[in-house]
Amino acid sequence: MNEELKPPEPTFTVDGKEVSYKRGTYSWSNDNKAVNADSPTPSNLVVDLENNEVSPNAELVITFDYQPSKKEGGIWEDNNGEYTSNK
């Protein structure tokens with residue numbers, strides 16, 4: 001990966017407490033340059049990740065080390081071993 005071209009680093013907080021995460025597959029572009037990075041399936045990606053227990057109505061706040069012009073995210077769902085991205 002081109003070290004000069006990388007997505008901003010997010011920080012995730014819930015109720016003022018930083019929570020851990022793992023970056024999955026992504027695409028990033030800037031100034032006519034692009035990079036695509038693949039990752040393991042969600043269950044393999046987070047196997048060593050600490051669980052973050054939060055209250056059901058807690059608000060997740062995501063901040064970046066610099067502000068991207070466009071953001072898109074999703075939730076991975078396990079459908080009998082098949083993972084689908086729900087944007």
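All heavy atoms count here, side chains included; hydrogens, waters and symmetry mates do not. None of these values were measured; they are calculated from a predicted model.
A search for side chain to side chain contact (heavy atoms under 4.5 Å, CB included) contacts involving L60 returns F12, V14, I62, not counting sequence neighbours. Residues satisfying the side chain to side chain contact (heavy atoms under 4.5 Å, CB included) criterion with P8, sequence neighbours excluded, are W28, F64, D65, Y66, P68. Not counting sequence neighbours, N32 has no partner by the side chain to side chain donor-acceptor pair (under 3.5 Å) test. The side chain to side chain contact (heavy atoms under 4.5 Å, CB included) test applied to T25 returns D38, S39, not counting sequence neighbours.
Connection of V19 to V61 is not established within any shared hydrophobic cluster, with ILVMFWY side chains joined at heavy-atom distances below 4.5 Å, either directly or through further cluster members.
Taking all atoms of both residues into account, the shortest heavy-atom contact from S27 to N36 is OG-OD1, 2.5 Å.
The closest side-chain heavy-atom distance from D15 to V54 is not below 4.5 Å. In this structure, Y21 and V46 have side chains that are not in contact, with every pair of non-hydrogen atoms separated by 4.5 Å or more.
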Checklist line | Candidate pair K6 and V35, rule side chain to side chain contact (heavy atoms under 4.5 Å, CB included), full reasoning | finding: CA-CA 8 Å; K6 60 183 178 180; V35 63; over 6 Å; no
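Sorted by first and then second residue, the pairs that involve residues 21-30 and meet salt bridge (Lys or Arg N to Asp or Glu O under 4.0 Å), not counting sequence neighbours, are E9-R23. Within the structure, side-chain hydrogen bond (donor to acceptor under 3.5 Å, both in side chains) contacts touching residues 50-61 (residues at least two apart or in different chains) are S20-N52.
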